[in-house]
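Chain letters run A, B, ... following the sequence lines, proteins first, then strands; residues in each count from 1.
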Protein chains: 2
Amino acid sequence: MRLATSVMRVQQLMISALDAALKPFGLTFSRYEVLVLLHFSKSGSLPLSKIGERLMVHPTSVTSAIDRLEAQGFVERVPDKDDRRRTLARLTTQGRATVKKATDAVSDIDFAITGLTDRQQDDAYQLLRRMRRASGDFPQ
Amino acid sequence: MRLATSVMRVQQLMISALDAALKPFGLTFSRYEVLVLLHFSKSGSLPLSKIGERLMVHPTSVTSAIDRLEAQGFVERVPDKDDRRRTLARLTTQGRATVKKATDAVSDIDFAITGLTDRQQDDAYQLLRRMRRASGDFPQ
DNA sequence: CATATTTAGTAGGACGTCCTACTATCGGAG
DNA sequence: CTCCGATAGTAGGACGTCCTACTAAATATG
């Protein structure tokens with residue numbers, strides 16, 4: 001229980017630091033993750049379902065995030081001609097510029113955020129990986 | 001970043017498992033934590049401010065949790081005679097009975113939840129502790 | 001080929017978290 | 001003793017998460 005509580009507390013601290021770093025760009029970490037995913041995709045666009053799958057969040061969470069990102073002008077919804085059930089979220093020029101700047105801001109705090117050596121970070125990652133496995137998660 | 005993402009994913013998995021285990025009792029992990037805190041206090045009651053401080057959540061989150069717990073009949077609000085700014089949350093008989101049963105349910109999954117040996121759990125805890133420290137947190 | 005199942009996305013709602021702003025009360029500084 | 005800052009709690013709102021339920025479209029089944 002002590003471990004579970006610590007995991008949650010660290011998550012709370014991290015998300016708080018990341019959200020603060022992203023606030024100047026009008027982003028939260030959740031929405032930033034969506035932009036990064038689109039940024040690294042070939043065409044700069046992905047079906048919403050793919051986004052949910054990759055980020056491991058509920059489809060309705062993706063709809064909500066894309067609603068906000070679209071309202072902000074960072075992405076736009078484009079119908080998928082190959083499968084008319086699908087909607088693609090496509091990064092706009094503004095969205096691409098923003099995610100680049102936001103990534104610099106996030107990188108700056110990434111080191112400070114853990115206070116661990118590279119070796120310790122790796123150990124921690126491996127332990128968390130085991131925990132994910134135990135819960136039926138299959139980290140890539 | 002990989003580490004941060006893993007922490008968040010593990011938190012997501014844990015909270016999901018814990019909430020599922022607590023659902024039969026009408027509780028979420030957040031509200032369960034409040035009940036546990038009250039259960040282990042001498043008088044079975046604490047000022048809302050104290051609850052927020054211990055659980056490290058915003059005062060308004062406590063108000064919200066107590067609202068729900070009160071509506072469920074697990075706690076009741078009692079004015080503090082020594083300091084009329086304060087409101088105490090007091091565990092009801094039903095609340096105390098429920099937290100005991102809920103604790104059994106949580107304990108059952110606590111082991112399975114991490115998939116780590118005792119030694120590994122301890123290592124993980126120490127690493128997370130360092131991460132908390134680096135963020136200005138002072139684990140008790 | 002027609003129907004049934006699956007998949008994609010959204011609407012509406014419950015919860016938990018935080019923030020800002022406000023009221024009430026306490027306690028200390030003059 | 002009065003006023004002023006600190007503390008306690010709440011109201012209202014923004015966000016992110018999940019759930020259930022629904023529609024539309026693709027795919028599988030008979």
For [X], what residues pass the side chain to side chain donor-acceptor pair (under 3.5 Å) criterion, not counting sequence neighbours?
{"X": "D80(A)", "answer": "none"}
{"X": "T92(B)", "answer": "none"}
{"X": "S49(A)", "answer": "none"}

Exercise for the section: Using a 4.5 Å cut-off on heavy atoms from C-beta on, say whether the side chain of F25(A) contacts that of V99(A). Expected result: no
Exercise for the section: Would you mind reporting whether Q12(B) and Q11(A) have side-chain heavy atoms less than 4.5 Å apart? Expected result: no
Any base atoms under 4.0 Å from [X], or only sugar-phosphate, or nothing? Heavy atoms, all strands.
{"X": "S61(B)", "value": "base"}
{"X": "V62(B)", "value": "nothing"}
{"X": "T63(A)", "value": "base"}

Please name all residues satisfying side chain to side chain contact (heavy atoms under 4.5 Å, CB included) with [X], sequence neighbours left out, ordered by chain then number.
{"X": "A65(A)", "answer": "R31(A), V34(A)"}
{"X": "T5(A)", "answer": "none"}
{"X": "S30(A)", "answer": "T28(A)"}
{"X": "T63(A)", "answer": "L48(A), D67(A), R77(A)"}

Practice task
Can you tell me which residue pairs pass the salt bridge (charged side-chain N to carboxylate O under 4.0 Å, His left out) test with a partner in residues 3-19 of chain A, sequence neighbours excluded?
Solution key: R9(A)-D137(B)
Can you pull out the residues from [range] that lie within a 4.0 Å heavy-atom distance of DNA chain C?
{"range": "residues 36-52 of chain A", "value": "P47(A), L48(A), S49(A)"}
{"range": "residues 2-17 of chain B", "value": "none"}
{"range": "residues 67-89 of chain A", "value": "R77(A), R85(A), R86(A), T87(A)"}

Practice task
Using atom types as modelled and distance alone, determine if a side-chain donor or acceptor of Q72(A) lies under 3.5 Å from a backbone N or O of G26(A).
Solution key: yes
Problem - Residue whose nearest DNA chain D nucleotide is more 5′ - T60(A) or R31(A) - result: R31(A)
Handout entry: Contact interval (first through last nucleotide) of DNA chain C with protein chain A, 4.0 Å heavy-atom
Key = dT7(C) to dC18(C)
Practice task
Determine the minimum heavy-atom distance between Y32(B) and L22(B), stating which atoms define it.
Solution key: CB-CD1, 3.6 Å
Problem - Side-chain ion pair, R119(A) and D123(A), N-O less than 4.0 Å - result: yes
